[in-house]
Each structure stands twice: as structure tokens, then as C-alpha cells.
Chemist: 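The following block contains the structure, expressed as C-alpha cells.
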Amino acid sequence: MPQITLPDGSKRDFDRPVSVAQIAESIGAGLANAALAGRVDGALVDTSHVIEKNAEVAIVTDRDAAGLEVIRHSCAHLMAQAVQRLFPKAQVTIGPVIADGFFYDFAFERAFTPEDLQAIEKKMEEIVKEDLVVERSVLSREDAIAMFQGMGETYKVEIIKSIPGEEALSFYRQGDFIDLCRGPHVPGTGKFKAFKLTSVAGAYWRGNSDNAMLQRVYGTAWASKADLKLYLERLEEAEKRDHRKLGKHLSLFHFQEEAPGMPFWHPKGWTIYQLLQDYMRKLQNANKYLEVHTPQLVDYSLWERSGHASKFANEMFSVESDNRMYAIKPMNCPCHIQVFNQGLKSYRDLPLRMAEFGSCHRYEPSGSMHGLMRVRSFVQDDGHIFCTEAQIQSEVAEFMALLFDVYHDFGFDDVILRLSTRPEKRVGSEELWDSAEQALKDALNATGKHWELVPGEGAFYGPKIEYSLKDCMGRVLQCGTIQLDFFTPGRLGASYIDEDSSRREPVMLHRAILGSFERFIGILIEHYAGAMPAWLAPEQAVILNITDNQAEYCSKLQESLKNKGFRVSADLRNEKIGFKIREHTLQKIPYLLVVGDKEVESGTVAVRKRGGEELGAMTFDDFCTHLSQDVARFGRGELSAEVND
RNA sequence: GCUCGCAUAGCUCAGGCGGUAGAGCACUUCAUUGGUAAUGAAGAGGUCUCCGGUUCGACUCCGGAUGUGAGCACCA
């Protein structure tokens, strides 16, 4: 006789085993209708799940994050059913929930077209109208394999065979469609209120590029039409912020066929680039980094010695000249070790922090390139710390403090920390890995922030921490990293003399905060929607005259502001003021300084902020103070500007 | 690299049973000197990405290359 405890603490007694749906019914008809699943003692179950013992039960509806997941998961089944009705030859494989939606991979003789997508969506609507009951059942492995074999679903057979253990498997049937699935699922196909198929693309079976390519159909599903609309608007917003689009519109950079994946930086974009680099250089100097500069072209033998050639030969650009093979450096660390190796090093020299803004090239696969986010030529805020094992933890801690400061200056306060530990294939003793991983864990714990463990994802030469930030659209972007390396220094002959006069190999920490400047600028453009905060804006202010009468005053004003170190231009064209305001607003200039006869007479400027706010007339000195204060704020807490077309 | 799209003026994009193309903005010139998101008029501007094929004729159809987009795979 189960006693059910509801989330509000109230208890209900039933005189026989009771299903989640019946519990919902007992509370109210509205809730019974809204019920999508149940949570019994913390575990998600179907509404048909029968409870025999005392339990804590919550009814899951679409107002619950878990309910939305159930909808999306079930929507993947709905789509698979629609696909199989339209294309009986299509085989089903897997269909998981992803952020904001779901996908389902099908094996089919041809690619789906956008027209197919429309037809599938229409068929899905039909199945929703049919309001089929979704039934859970349990089959033994043998029966399940026999059933799917009979249906010609060879991929499903393979999936079942790969599931370890001997326990029975659960299946979900809705009308003519049945799928292997852990569940839970919505009780009926009438529960879907808002979904849309968004795209189709190829995807390898089991994520392995040696396998067949399947057809992956992406979709999104929401609790209501209004939520779906909000989501689609969010996609549109993201499209407007696309750094490739804004980069062209604001004339920051361009790409062209002759240099695929290698940006041509325009004056404005390069201004941002240099400002960022100056900013990092100052911080690094203040944090005892020693900046160096090493060759871009290095004899291939160095890459053979470092071990890169054997693993990354296909990803390195090489140059033959004078019967010698050179590689264009894909990274700076082997060169930094060459600098370290000059002169005998003592333990007193450690930790030695070396930094370089070195131009690197990598032959990235053509399909992986994406605007500034993934390029073939880039510069990192790269640094290598040579230290002893005992110094690892404090070096990592100091690095992290610097990293959080930097991110804060850009308004990124939500940082995701991930520790990747020893992979299967690795070098170094277990004790070394133990202490290295522990040092990283201690440093992470010392931050007091939440961090995730990613087992087995470390590099073969050492564990690493990766730092991802969340932009204003909620997208997660990996930028910073610190990697321990027990391998490369020894391989390239780095050593120091320890206290006891013995020769030892230093540990090397590879580290970056921004990652590559290219990618980071791409991220900033999208984060700020192109409206860079004053400290980074390529043009901080534009002076606009009303008529030719004020031209001379404007030119002098511009000169004075430039002398103060501000980036200011003057637009003295014979155009109406409204026209100029519009043009420079679209160029997202932080401050527009309007000068008419009134201002000339009073020796002021009329200041208009980006976004339209009028600050009124100001003297030259007042404006300088205002702009200086704005610059000093960096991008801390910067709100995303509205996007104009 | 793989699957499927896309490639037309500086930019954003139309277009055509296969008969060598159009708009808006930008640009140039002229008029206009105007107070906070588009002053008016005129003009100039294109090997329709490249290389083959089919055809009397290809920007349009077919094949390939390159670039690019969405995914997948990769990311020292």
C-alpha cells in the first residue's frame, strides 16, 4: 500500500500500486493532462510507471527542465517515425537530446533535401494529430535482436550487441514505430506543441570518420509556440552578431581565396589586435614573464626531435629552400626550449616564465575552418614556464589568478574549468602523473570555483586544465589552457643544475589565456555585437560638423584629442548631421561629437553616446575625463549592445 | 578530409523554357550648408569564381577545380 510524498511534503495513501499518471489524476485533471513523466525517488520515469512502495514522487511537466528534455527526446522518436513512414528504406540509428533540441541519425541511400525536411515536419504534425499512445515494453536481448533483424534495422542490431551486460532492454512503441530506448518518453504523440526541423547534414556512424556517413536531421522542440519563437529569434540574433558578417561591415578584416584561413587585417581590425596585444604584454611583464621572439621558419629536424613531425606532419606547412627542409612553426615551445638551452641554468633561475607573440601556421583541415575562430595563421598569447615539480602548483595558481583578472576585464565572469587527466597512451611514471594531477586539483580547489573532471583527455605528455568562457549568448568557448609537459624539455635536451649539483630536467607548462588573438577577437566581436568597449574601439569618437563653418574648429579638436592619446576621426563631409549620425552609429562608434556654431562659440562639443544617449555639451577637458574613465573600465560588466542591421 | 548546399557590381541581393544581366546602398559629378539614424539629381560600374564538356549559341545544363556555408571528423 504505497504512501506517496509529493514535493510540497504532503502525503497521499493509495490502497494499491499506483502509476505516476494516476497520482497526477488524483491531484487534478489539469496536472494529469500536463504530466509528461514522473520523478520517483529522484529517478525519471514514464507516467505509466507503477509504484508499489512508499516513494517521493514529483510530476514532471513542460515547466520542468527535465520535462523539456523528455519532450525533445520523444520528438526525436516522432521524427524517426515520420521519416520511416515517408522513407521505409531509411534505417534508424541514434537520436539523442542536445542543447535546445535533438537530432536523429538515419542510414539512407541518398541525402535528405530541404524539401524532404518540410515533408518530414508535415508528417510529424500528422502523427501528433493521431495522438498515438507511447508504450514502454521490455525485451530480452535475443528477442530484441531478432525483432530488429526482421525489420532490417542492422544498425539497431549493432547497437544492442554493443550494450554490455545481459539485462533486458526497454523499448518504446508508438503506433507503427518502435525504438530501443532508455526513456522516459511522453505518454502520447499528442503532447508536442512546438517543434521545428532546423537542418540536415552528414555525420559519421559512431563518430568515426572510417565509418559510413549517415544523414543527421537536427530539430528543436519547446514547451510552447512562444518559446519556439524566442529560440528562433535568438538564432537570428546570433546570426546578426556573426563576426564574419560584422568583420566585413565594420571593415576589420577579410579573407580571400589566395590565402584560405589566413585573415587580412584592415586598419581598424589591426588596431583592436594591437590593443589586445599591448594589454597582454603589459600584464605579462608585470607578472615576470620574459618576452622573446623566435624564428618562424625552422629546420625540419627540430620538429623531428620534438616529436611533432611524426604526429603532425600533415598539419605542418613546410618550405624547401637551398636543399633544406624547413617547417613554418606550428607552435612556439620547441623554439622556447632552444632559448632556455642557451647558457647553463640553475635551479635559482626557476621558475622561468617565457612569453612570445609568435606567428604560427597550421594546415587545418579545410572543413574545420571558420572565420577567425579557426584559422591557419594565428598568434597566441603563448607562454612557457620552466619550473621544478615542486613549483607546479604555485605556478598554476598564479597563472589562474592572472587568467581570471583578464577575463574579468572583458566582462567574462562565467568561466568553466575542466581538468583533463592521464590518457591511455602516455609517457612518464605513474607517480609523476599522480603528483601532477594532484597539483592541478589543488590549484583548482584553491579557486573555490566549480570544476569538471574529464578523465583520459589529457595530452600524452601531461594533464591539462582548459578554461572556457560563456559569452552573452550563452555559448561556451574554450580559450585559455595550462598544460603540464614532462616530456618535451627532456626530448630537446633542457636541463638545470639542482641544489645538489645534479642535472635535472625542468617541467614545462604550456599556457595561454586568450588562446589565439584571431579567435579571441572573433569571440569579442560576437560578444559585444561589434560595439567594442571604449578601450578596444578602433575609433573611440568621431567629430561631426554641422556646416563648413565649424570645420577648422573640428580639425583642431581632433588634433588635441589625438595628442591626448585618443583614437578620434573627424567627418567634415558636406552632409546633413542626421546622415552622419546614422552612418557612424551603424559603425558602432562609442562617442559622436557634434559641433555647430553654438559649440564653437562656447568652446564645447555636444556628446552623443553610442545607443543614442545625449550627454549634452561638454568642454574639451570634461570630455577627455569622461572618455578616460570609460577606457579605464575596460569591458567589465559591459552590456551587449543592440544589434543594428 | 567527409556529406549536402552556395558562388551574379565594392556591399546586400534579384533574375532568366539556354540568345552575354538588374535593384538598393556605396562610388563619381552637380546642386544644396542643413542641429542628432538616410537632401535631391545625374553618371560610371559586371570575362555572372575558374577550367573543361554538351550546344549554332552557356552566366544559366553536365563534369571537375577553388573558395565558402551547415554539420561530421580533426584541433600539438
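Since this is a predicted model, take the numbers as computed values, not measurements. Side chains are part of it too, since the values below use all heavy atoms of this structure and drop only hydrogens, waters and symmetry mates. Order of the sequence lines sets the chain letters (A, B, ...), proteins ahead of strands, with each chain counted from 1.
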Chemist: Aromatic contact between A:F487 and A:F460, with the criterion being ring centroids under 6.0 Å apart: yes or no?
Modeler: yes
Chemist: Which listed nucleotide (B:A26, B:C74, B:G34) is nearest to the side chain of A:F579?
Modeler: B:A26
Chemist: Partner of B:A23 by Watson-Crick or G-U wobble geometry, both contacts under 3.5 Å, or none?
Modeler: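 Answer to the pairing question: B:U12, which forms a Watson-Crick or G-U pair with B:A23.
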Chemist: If we call it a pair only when both distances are under 3.5 Å in a Watson-Crick or G-U wobble match, what pairs with B:U29?
Modeler: B:A41
Chemist: Tell me if the side-chain of A:Y204 makes a donor-acceptor pair with the base of B:G71, cut-off 3.5 Å, by modelled atom types.
Modeler: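 Donor-acceptor pair under 3.5 Å: no.
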Chemist: Give a yes or no on this: more than 12 heavy atoms of other residues, nucleotides or ligands lie within 6.0 Å of atom CD of A:E552.
Modeler: no
Chemist: Does A:R244 put a side-chain nitrogen or oxygen below 4.0 Å from OP1 or OP2 of B:A70?
Modeler: yes
Chemist: Please name the nucleotide paired to B:C75 by Watson-Crick or G-U wobble geometry with both distances under 3.5 Å, or report none.
Modeler: none
Chemist: Nearest to the side chain of A:A201, which nucleotide is it out of B:A70, B:G35, B:C74?
Modeler: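 Of B:A70, B:G35, B:C74, B:A70 is nearest to the side chain of A:A201.
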Chemist: State whether A:R110 places a side-chain N or O below 4.0 Å from either non-bridging phosphate oxygen (OP1 or OP2) of B:U3.
Modeler: no
Chemist: Using purine N1 to pyrimidine N3 plus N6-O4 or O6-N4 for Watson-Crick, or N1-O2 and O6-N3 for G-U wobble, each under 3.5 Å, what pairs with B:A70?
Modeler: B:U3
Chemist: Heavy atoms only, 4.0 Å cut-off, all strands: where does A:Q256 land among base, sugar-phosphate and nothing?
Modeler: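 No contact.
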Chemist: For A:W205 together with A:Y155, are the ring centres under 6.0 Å from each other?
Modeler: yes
Chemist: In the structure shown, which nucleotide is the Watson-Crick or G-U wobble counterpart of B:G57, with both distances under 3.5 Å?
Modeler: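 Paired with B:G57, as far as the under-3.5 Å criterion goes, is no nucleotide at all.
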Chemist: Pick the C1' atom in B:G34 and in B:A38, then give their distance to the nearest Å.
Modeler: 14 Å
Chemist: Can you tell me which nucleotide in B:C4, B:A76, B:C27 comes closest to the side chain of A:A111?
Modeler: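 Nearest listed nucleotide: B:C4.
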Chemist: Indicate the ring-plane relationship of A:W270 and A:W265, choosing parallel, tilted or perpendicular according to the 30° and 60° boundaries.
Modeler: tilted
Chemist: Using the P atom in both, what is the distance from B:G63 to B:A7, to the nearest Å?
Modeler: 15 Å
Chemist: Under 4.0 angstrom, heavy atoms only, what part of the nucleic acid is A:G596 near: base, sugar-phosphate, or nothing?
Modeler: base
Chemist: Can you find a side-chain donor-acceptor pair between A:D485 and A:H510 that sits under 3.5 Å?
Modeler: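 Checked: A:D485/A:H510 side chains pair up, N/O donor to acceptor below 3.5 Å.
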Chemist: Which value, in whole Å, describes the distance between the C1' atoms of nucleotides B:A73 and B:C2?
Modeler: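 These two C1' atoms come out 8 Å apart once rounded.
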Chemist: For A:A459, report the nucleic acid contact type (base, sugar-phosphate, nothing); a contact means any heavy atom under 4.0 Å.
Modeler: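 Touches nothing.
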Chemist: For A:F312, answer base if it contacts any base atom (sugar-phosphate contacts may also be present), sugar-phosphate if it contacts only those atoms, and nothing otherwise; contact means non-hydrogen atoms under 4.0 Å.
Modeler: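 Here A:F312 touches the bases of the nucleic acid.
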Chemist: Round to the nearest Å and state the distance from A:H584 atom NE2 to B:G35 atom P.
Modeler: 19 Å
Chemist: Just say parallel, tilted or perpendicular for the rings of A:Y231 and A:W222, cut-offs at 30° and 60°.
Modeler: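 Taking A:W222 first and then A:Y231, their aromatic rings sit tilted (interplane angle of 30° to 60°).
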Chemist: Just to be sure I understand the rule, does A:P260 reach a base, reach only the sugar-phosphate, or reach nothing, if contact means heavy atoms closer than 4.0 Å?
Modeler: sugar-phosphate
Chemist: Grab the CG-P distance between A:D116 and B:G5 for me, whole Å please.
Modeler: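 The answer, rounded to whole Å, is 11 Å.
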Chemist: Measuring from the side chain of A:S209 (C-beta onward, heavy atoms only), which nucleotide among B:A73, B:A70, B:U68 has the closest atom?
Modeler: B:A73
Chemist: Taking the P atom in each of B:A58 and B:G19, what is the distance between them to the nearest angstrom?
Modeler: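 B:A58 and B:G19 have their P atoms separated by 11 Å.
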Chemist: Whole Å only: how far is the CZ atom of A:F253 from the P atom of B:U68?
Modeler: 13 Å
Chemist: How would you label the contact of A:H370 with the nucleic acid (heavy atoms, under 4.0 Å): base, sugar-phosphate, or nothing?
Modeler: sugar-phosphate
Chemist: Separation of A:E239 atom CD from B:U12 atom C1', in whole Å?
Modeler: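 Spelled out: CD on A:E239 to C1' on B:U12 is 13 Å.
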Chemist: Round to the nearest Å and state the distance from A:R573 atom CZ to B:U28 atom C1'.
Modeler: 14 Å
Chemist: Rounding to the closest angstrom, what is the interatomic distance between B:U47 and B:C62 at atom P?
Modeler: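 The same atom, P, in both gives a distance of 24 Å.
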Chemist: Look at all strands and tell whether A:E614 reaches a base, only sugar-phosphate, or nothing, counting heavy atoms closer than 4.0 Å.
Modeler: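 Touches a base.
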Chemist: Is it the case that B:C75 (base atoms only) and A:R374 (side chain only) share a donor and an acceptor within less than 3.5 Å, ignoring hydrogens and angles?
Modeler: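 Pair found.
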Chemist: A:G207 near the nucleic acid: base, sugar-phosphate alone, or nothing, with a heavy-atom cut-off under 4.0 Å?
Modeler: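 Since only primed, P, OP1 and OP2 atoms lie under 4.0 Å of A:G207, the category is sugar-phosphate.
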Chemist: Between B:C2, B:U39, B:G1, which nucleotide gets closest to the side-chain atoms of A:M213?
Modeler: B:C2
Chemist: Measure the distance from CG on A:L235 to P on B:G71 and round it to the nearest whole Å.
Modeler: 10 Å
Chemist: For B:A37, take OP1 and OP2 only and decide whether either is under 4.0 Å from a side-chain N or O of A:R608.
Modeler: yes
Chemist: Heavy-atom nearest nucleotide on RNA chain B for A:S366 versus A:E599: which residue maps closer to 5'?
Modeler: A:S366
Chemist: Just name whichever nucleotide pairs with B:C50, Watson-Crick or G-U, keeping both distances under 3.5 Å, else none.
Modeler: B:G64
Chemist: If each of A:N549 and A:E257 is mapped to the nucleotide of RNA chain B with the nearest heavy atom, which maps nearer the 5' terminus, i.e. the 5' end?
Modeler: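 Its nearest nucleotide being more 5', the pick is A:N549.
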Chemist: With C1' as the reference atom in both, quote the distance from B:U20 to B:C11 in angstrom, rounded to an integer.
Modeler: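 The answer is 24 Å between these two C1' atoms.
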Chemist: Tell me what A:Y461 touches on the nucleic acid: a base, only sugar-phosphate, or nothing, going by heavy atoms under 4.0 Å.
Modeler: sugar-phosphate
Chemist: My understanding is that a pair needs two contacts under 3.5 Å, Watson-Crick or G-U wobble. By that rule, which nucleotide pairs with B:C17?
Modeler: none
Chemist: Starting at CG of A:D571 and ending at P of B:G34, how long is that distance when rounded to a whole Å?
Modeler: 17 Å
Chemist: Just say parallel, tilted or perpendicular for the rings of A:F253 and A:F255, cut-offs at 30° and 60°.
Modeler: perpendicular
Chemist: Establish, from distance only, whether the side-chain atoms of A:T154 and A:Q91 form a donor-acceptor pair under 3.5 Å.
Modeler: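 Judged by distance alone, the side chains do pair up.
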Chemist: Do A:Q215 and A:E109 meet the criterion of a side-chain donor-acceptor pair at a distance under 3.5 Å?
Modeler: no
Chemist: Can you check the distance between B:A9 and B:G45, where both ends of the measurement are the P atom (answer in whole Å)?
Modeler: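 Here B:A9 and B:G45 have their P atoms 15 Å from each other.
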Chemist: So what does A:R376 hit on the nucleic acid, given a heavy-atom distance under 4.0 Å: a base, only sugar-phosphate, or nothing?
Modeler: nothing
Chemist: So A:Y218, base contact, sugar-phosphate only, or nothing? Heavy-atom distance under 4.0 Å.
Modeler: sugar-phosphate
Chemist: Ignoring the backbone of A:R582, work out which of B:C72, B:C75, B:A38 is nearest its side chain.
Modeler: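 Comparing B:C72, B:C75, B:A38 against the side chain of A:R582, the answer is B:A38.
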Chemist: What is the separation between atom CE on A:M618 and atom C1' on B:U36, rounded to the nearest whole Å?
Modeler: 15 Å
Chemist: Under 4.0 Å, heavy atoms only, any strand: does A:K248 hit a base, just the sugar-phosphate, or nothing?
Modeler: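 Sugar-phosphate contact only - A:K248 comes under 4.0 Å of backbone atoms but never of a base.
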Chemist: For A:I577, answer base if it contacts any base atom (sugar-phosphate contacts may also be present), sugar-phosphate if it contacts only those atoms, and nothing otherwise; contact means non-hydrogen atoms under 4.0 Å.
Modeler: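 The residue A:I577 makes sugar-phosphate contact but no base contact.
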Chemist: Applying a 4.0 Å non-hydrogen cut-off, can you work out what A:T547 is touching in the nucleic acid: base, sugar-phosphate, or nothing?
Modeler: base
Chemist: Could you tell me how the ring of A:F112 sits relative to the ring of A:F108: parallel (under 30°), tilted (30 to 60°) or perpendicular (over 60°)?
Modeler: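 A:F112 vs A:F108 ring planes: parallel.
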Chemist: Can you tell me how far P in B:C48 sits from the matching atom in B:C61, rounded to whole Å?
Modeler: 15 Å
Chemist: Tell whether A:D597 reaches the base of B:G35 with its side chain through a donor-acceptor pair below 3.5 angstrom.
Modeler: no
